Structures are given as C-alpha cells and as structure tokens.
Amino acid sequence: MDFPMMLRVFPFFVEAAWVTVQISVLSLLLGLAVAAVIASAKMSGSLVLRTFGSLYVSVFRGTPCLIQLFVLYFGGPQIGINLEPFAAGVIGLGLNIGAYMAESIRGAVLGVDRGQVEAARTIGFGRLQTLRLVVLPQAARLMIRPLGVNAVGLIKGSALVSTISVVELTYTAQRFIGSTYKPFEIFGIAALLYMLIVYVVARAVDVLDRRYAIN
Amino acid sequence: MQGLDFSVVTPYTDILLMGMWWTVVLTVTGAVISFFFGIFFAVAVLYAPKMIAYPIRFFMWLFMGTPLLLQLFLIYFGLSQIGINVPALVAGIVGLGLHFAVYNADVMRAGIVSVDAGQTEGARSIGFGRFQTLRYVVIPQAVRNTLPAIGNNLIVLLKESSLVSIIGIAELVHSAQLAISETFRPFEFYITVAALYYILNLVLESGLRQVEKQVEVSR
C-alpha cells in the first residue's frame with residue numbers, strides 16, 4: 001500500500017466525487033420528470049400514448065446505456081445536436097433511468113388497492129380527483145423503495161459518462177491507474193467515495209421509507 | 001450537419017456480426033461463471049466458517065457498491081500488477097462473471113434461506129449428509145425459486161457486457177468503433193448496434209420465458 005501517493009491524489013478524487021454527485025442528482029431529477037410523463041402515458045386511455053410509453057421503456061431498457069450515451073454524444077452532431085460531455089451525460093443518464101423509474105412509478109400506482117379507486121368513485125370523486133387525492137398519495141409511499149433502488153443504480157451507472165470524457169470518479173480513477181500503476185490503491189479510494197455516496201442515498205431512502213410506510 | 005446514410009453500415013456487416021458473436025460468447029461465459037460462483041458465494045456466506053464467510057461478505061458488499069466499469073479496470077490492471085498477465089478477454093470475462101456472481105449470490109442467499117426447513121430435516125433424517133442435503137435438496141429448489149431474478153440479472157449482464165469494449169475487447173461496441181474510425185459515421189453505427197442489442201435482448205427474454213414456463217410445469 002502506497003499511502004503517501006494515496007494522500008497526494010485524494011484531493012483530485014474528492015473533486016471528482018463532487019462531479020459524480022452533480023451528474024447523479026441532475027440526471028435523477030431529469031429521470032423523475034421523464035418517468036412521470038412515461039408512466040402517465042403508459043397508463044393513459046389513449047392507445048397512441050400507451051404505445052409510445054411502452055416503446056420508450058422497451059427501447060431504453062432493451063439497449064445498453066453505454067450505446068445510448070454514444071448515440072447522443074458521438075452521433076448527436078450528425079443530426080444537429082451538439083452537447084458538452086457533462087450535458088450529454090446528464091441527458092443520456094436521465095433518459096435512460098427515466099425508463100426504469102417509469103416502471104417503478106407504474107408498479108406503485110398499480111399496487112394501490114383497487115377497492116380504493118372504487119370507493120372514491122362511489123362517493124362521487126371524479127377520475128382526476130380519485131387519482132390526485134386517493135391513488136397518488138398512497139402510490140407515493142409505495143414507490144419510495146423502488147425509486148431508491150433506481151437512484152443507487154444511477155449513481156453506479158454514472159461511471160459510464162467517463163467514456164465520454166466527463167471527469168468524474170471513474171475517469172479520474174482510470175487516469176491515475178494509468179499514471180501510477182497502482183490499481184488496488186486507486187480502486188480503494190474510488191470505491192470508498194462511491195460507497196459513501198451510495199450509503200448516504202440508501203440511508204435517506206430508509207428514513208423516508210420508514211417515515212411514510214403504510215402500516 | 002450531414003445527411004444520414006445507413007448504407008455505410010453494409011460493408012461492415014461481417015465485422016459487426018463477428019462483434020455480436022463475441023458479445024454472445026462474453027454473455028454466455030459470464031453467465032456460467034456468475035451462476036456457479038453465485039451459488040458458491042451464497043453457500044459460503046451462509047454456511048462457511050467466519051474466516052471464509054466474512055471476506056466473501058466484504059467482497060460482495062464492495063462489488064455491489066461500486067460500478068462495474070471501475071471493477072473492470074481493477075481486474076484488468078490489478079492482475080498484471082500482481083504478476084498475472086492475462087489477455088483483455090480473460091479479464092473481461094472474469095470481471096463480468098464476478099460482478100454478476102455477487103448479484104446472483106444475493107438473490108440465491110435469500111432463495112436458500114426460504115427453502116422450507118422441513119426439506120432439510122427430511123433429507124437429514126433419511127441419511128443425507130449436510131453437503132448432500134445442500135447439493136441435492138436445498139440448492140435445486142433455491143435455484144428454481146430464484147430463476148426469474150437470476151434471469152433478470154442475465155438480461156442486465158447482456159447489456160453490461162458492452163462495457164468491456166473499454167478495455168479493448170473486440171465485441172459489438174468495439175467493432176462498431178472500429179468501423180466508425182474508418183467512416184466517421186457514429187450515428188448510423190451506434191443506432192445499428194443498439195438495434196442488434198435490442199434483438200439479442202428479445203431473443204434472451206423469450207428464451208428465459210420458455211425456461212420459466214418449463215420449470216413452472218415441472219413443479
């Protein structure tokens with residue numbers, strides 16, 4: 001173990017971890033927005049919207065995230081989309097995780113007992129009122145854990161943006177492995193920081209889930 | 001901005017198909033390794049003495065909390081640091097295999113625990129040893145019960161195998177990059193590659209559905 005070297009490079013990794021956090025948070029927000037739209041489309045009454053929703057989920061979950069990033073970042077300029085690596089990373093990861101999160105949201109909404117909807121309609125609630133006042137508040141609780149799993153997956157998945165030269169944790173690790181030839185030490189530093197980020201998110205999900213759990 | 005022209009892909013059909021073949025090879029070998037090591041890790045965590053179980057638990061914790069890409073770098077460069085020079089292909093297979101073994105082990109551990117205790121008691125009372133009970137009674141039932149989850153991991157493995165292109169293995173993504181370096185047409189090639197992965201994914205999914213149906217019938 002080369003501790004002096006580890007201490008010397010550590011500040012670079014802290015900076016890189018901050019980029020990983022930024023990428024993850026921004027693509028999480030984009031992903032949630034995409035997921036809300038896609039989940040609504042998949043559960044709507046219109047056949048066109050339903051087909052679009054299913055197609056979106058199937059394409060984004062049926063192909064590697066790496067390829068989606070490459071199409072956007074390297075292929076984008078050919079169809080007039082010129083993005084900085086950071087922006088391409090956020091958009092690519094967000095569109096990808098949106099497909100997974102849409103399924104988490106849909107699962108939670110479908111997980112709300114059917115009797116709740118029937119009861120609400122019976123006492124005179126409209127469709128929208130039922131959705132807003134009865135179904136969604138209950139579904140929101142059910143989706144905390146699956147969305148948390150998606151978020152943790154997103155943090156680890158954000159390593160992919162190193163391939164389009166965003167200087168985040170994995171990119172920094174790769175660079176320092178190349179310059180120091182000390183893969184174990186460098187992996188240790190990067191792993192420590194990833195674990196820390198994942199741990200914070202997992203704890204937050206635990207707290208939220210416990211606070212809002214239906215019992 | 002230039003017009004899109006998918007006919008640039010045609011001359012590279014052979015290269016892309018070759019890459020696709022290697023993607024299949026990586027997925028299949030990765031799947032076999034991750035399946036057996038998954039069982040091994042799960043059993044070790046549950047039944048092995050602490051000296052073996054704890055390091056494996058630590059390893060699983062470490063590999064579940066970090067990105068596969070980082071693990072691939074560790075294995076590819078780490079093996080050569082400790083004096084084992086392996087080709088990228090071996091490092092890629094080992095990386096994919098170990099990464100998904102950890103996820104399979106996580107599923108399998110829950111599967112083994114949830115096999116009815118009466119099964120073990122029954123096997124022991126008719127004279128099966130501890131190992132025999134695990135091998136012939138508990139694990140087969142655990143595997144059958146966790147098959148859908150293991151199948152899901154396999155689907156993820158197929159897609160994640162694209163990452164080994166980064167350490168220079170000539171699978172589907174890497175062969176597309178080769179073609180792009182000659183044609184400067186990333187959009188056409190990456191869309192084609194996405195379509196090929198999509199097809200592989202459909203084939204794998206329908207295959208898994210068949211297997212699950214068979215298993216369901218055999219109950």
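First the proteins, then the strands, lettered A, B, ... as listed; each starts at 1. No experiment lies behind these values; they were computed from the predicted model shown.
Taking a 6.0 Å sphere around CZ of B:F37, one finds it holds 12 or fewer heavy atoms contributed by other residues, nucleotides or ligands. Within 6.0 Å of atom CZ in B:F6, more than 12 heavy atoms from other residues, nucleotides or ligands are found, so the atom counts as buried in its surroundings. Residue B:Y54 places its OH atom among 12 or fewer non-hydrogen atoms of other residues, nucleotides or ligands, all under 6.0 Å distant. Heavy atoms of other residues, nucleotides or ligands lying less than 6.0 angstrom from OH of B:Y47 number more than 12. Heavy atoms from other residues, nucleotides or ligands lying under 6.0 Å from CD of A:E84 number 12 at most. By the neighbour-count criterion of 12 heavy atoms within 6.0 Å, atom CZ of B:F40 is sparsely surrounded, having that number or fewer from other residues, nucleotides or ligands.
In this structure, A:Q78 and B:F187 approach most closely via the heavy-atom pair OE1-N, 2.8 Å. Of all the heavy atoms in A:M195 and B:W61, the pair that sits closest is CE-O, 3.2 Å.
For B:S165, the part sitting under 4.5 Å from any heavy atom of chain A is the side chain, from C-beta outward, and nothing else. Residue B:I166 touches chain A through its side chain alone, counting heavy-atom pairs closer than 4.5 Å. Interface residue A:V198: only side-chain heavy atoms are found under 4.5 Å from chain B. In this structure, chain A has a heavy atom under 4.5 Å from the side chain of B:Q177, while its backbone stays farther away.
Separation of atoms CD1 (B:I75) and CZ (A:F187) is listed at 8.0 Å; rounding is to 0.5 Å.
Scanning for side chain to side chain contact (heavy atoms under 4.5 Å, CB included) contacts around A:Q116 gives A:V112, A:D113, A:V134, A:Q138, with sequence neighbours left out.
Contact check for B:Y198 versus A:S58: side-chain heavy atoms found under the 4.5 Å cut-off. Between A:F74 and B:I180 the shortest side-chain heavy-atom distance does not fall below 4.5 Å.
When the candidates B:L158, B:L74, B:L196 are compared by the number of heavy-atom contacts under 4.5 Å with chain A, B:L74 comes out ahead. For chain A, the option among B:L70, B:L69, B:I191 with the highest count of heavy-atom pairs below 4.5 Å is B:L70. Among the candidates B:L163, B:V193, B:L202, the residue making the largest number of heavy-atom pairs closer than 4.5 Å to chain A is B:L163. Ranked by heavy-atom pairs under 4.5 Å with chain A, the list B:V156, B:L68, B:T66 is led by B:T66.
Counted by atom type alone, B:S80 and A:Y181 present zero donor-acceptor pairs between their side chains at under 3.5 Å.
Within residues 59-70 of chain A, the residues having any heavy atom less than 4.5 Å from a heavy atom of chain B are, in residue-number order, A:V59, A:R61, A:G62, A:T63, A:P64, A:L66, A:I67, A:F70. Of residues 144-169 of chain A, those residues lying under 4.5 Å from chain B by any heavy-atom pair are A:K156, A:A159, A:L160, A:S162, A:T163. Residues of residues 43-51 of chain A lying under 4.5 angstrom from chain B, judged on non-hydrogen atoms, do not exist.
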